[in-house]
Structures are given as structure tokens and as C-alpha cells.
Amino acid sequence: RILTAPSSSAASGVPFAVQPVVAIEDAFANRVPTAGTTVTATISAGVAGAVLANAQLTTDATGRVTFTALAITGGAGSYTLQFGSAGLAP
């Protein structure tokens with residue numbers, strides 16, 4: 001679940017001014033307090049060839065990830081980001 005969405009706009013290669021915060025939850029929207037789960041941000045829609053930097057972090061003891069330097073490098077346009085972890089449904 002996205003607790004804090006990233007900035008709606010950013011310059012190419014510059015970290016988002018507002019960094020995303022995501023949490024792992026179960027199917028009933030209960031937080032899963034699990035440390036050490038890798039969460040990866042990906043581009044699910046946007047300009048071809050764009051890449052993310054600093055897109056992979058691990059959860060803290062509360063099951064939460066606070067990105068600190070997530071940035072997108074690519075052409076101008078609209079992008080959709082997705083956050084996920086292997087073995088977990090998005």
C-alpha cells in the first residue's frame with residue numbers, strides 16, 4: 001500500500017521532492033510487520049527507455065519502506081510507478 005505518493009512531477013535524474021512511503025499489508029489491509037523484505041519500484045507505464053535510480057530498499061520492523069533518493073531519468077511525459085516485492089501481490 002502506498003502511504004505517501006511521490007511528487008507528481010520531477011526533473012529527469014533528480015530525486016522526487018516528496019519521496020514515496022509504502023507498507024506491506026495482508027489481503028485484509030492489515031500491516032505486516034516484517035523487517036528485511038525487499039521492495040522494488042518499477043515503471044509500469046511511461047516513456048520508453050526511462051529508468052529509476054535507488055528503486056530498491058528493504059522494509060523496517062514495521063513492514064514499511066521510506067524511499068530517500070528515488071529518481072526517474074527519461075523523457076518528458078507521464079509515468080506510472082508500481083511498488084512490489086517478489087512473492088507478494090501488488
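Atom set for the values below is all heavy atoms of this structure, side chains included, hydrogens, waters and symmetry mates excluded.
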Which ring pair (Phe, Tyr, Trp, His ring centres under 6.0 Å) pairs, counting each pair once, include a residue from residues 7-57, with sequence neighbours left out?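 Residue pairs with at least one partner in residues 7-57: there are none.
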Can you pull the ring pair (Phe, Tyr, Trp, His ring centres under 6.0 Å) pairs that have at least one residue in residues 42-75, sequence neighbours excluded?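 Sorted pair list: Phe67-Phe83.
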According to side chain to side chain donor-acceptor pair (under 3.5 Å), who are the partners of Asp60, at least two apart in sequence or on a separate chain?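 With neighbours one apart ignored, the set is Thr62.
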So, using side chain to side chain donor-acceptor pair (under 3.5 Å) as the criterion, who are the partners of Thr40 when residues are at least two apart?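 Side chain to side chain donor-acceptor pair (under 3.5 Å) list for Thr40, sorted by chain: Gln56.
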Tell me, with the steps shown, if Thr37 and Ile24 meet side chain to side chain contact (heavy atoms under 4.5 Å, CB included). CA-CA 9 Å; Thr37 301; Ile24 295 177; 3.5 Å; yes
Among the clusters formed by ILVMFWY side chains lying less than 4.5 Å apart, do Val14 and Ile72 turn up in the same one?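 No, Val14 and Ile72 fall in different hydrophobic clusters.
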Do Ile2 and Leu52 share a hydrophobic cluster (ILVMFWY, side-chain heavy atoms under 4.5 Å, transitive)?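 Yes, it is one cluster - the side chains of Ile2 and Leu52 are joined through contacts under 4.5 Å.
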Decide yes or no on side chain to side chain contact (heavy atoms under 4.5 Å, CB included) for Thr38 and Leu57, but give the supporting numbers first. CA-CA 6 Å; Thr38 301; Leu57 293 174; over 6 Å; no
List, by chain and number, the other hydrophobic cluster members for Leu3, where Ile, Leu, Val, Met, Phe, Trp and Tyr join if side-chain heavy atoms come within less than 4.5 Å, directly or indirectly.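 Val21, which link up through side-chain heavy atoms under 4.5 Å apart, make up the rest of the cluster.
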Donor-acceptor list for residues 29-36 side chains, cut-off 3.5 Å, not counting sequence neighbours:
residue	atom	partner	partner atom	Å
Asn30	ND2	Asp26	OD1	3.4
Asn30	ND2	Asp26	OD2	3.3

Hey, could you give me each pair passing side-chain hydrogen bond (donor to acceptor under 3.5 Å, both in side chains) that has a residue in residues 10-25? Not counting sequence neighbours.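 side-chain hydrogen bond (donor to acceptor under 3.5 Å, both in side chains) check on residues 10-25 returns Arg1-Glu25.
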Suppose the criterion is side-chain hydrogen bond (donor to acceptor under 3.5 Å, both in side chains): which pairs have a residue in residues 65-80, not counting sequence neighbours?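 Sorted result for residues 65-80: empty, none.
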Search all heavy atoms of Pro20 against all heavy atoms of Leu70 and return the closest pair with its distance.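 It is CG-CD2, 3.6 Å.
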At their closest point, which heavy atom of Leu81 faces which heavy atom of Pro6, and how far apart are they?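 The answer is CD1-CG, 4.1 Å.
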Taking only residues two or more places apart in sequence, or in another chain, which ones meet Val18 in a side chain to side chain contact (heavy atoms under 4.5 Å, CB included)?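 With sequence neighbours excluded, Val18 shows a side chain to side chain contact (heavy atoms under 4.5 Å, CB included) to Thr4, Ser7, given in chain and number order.
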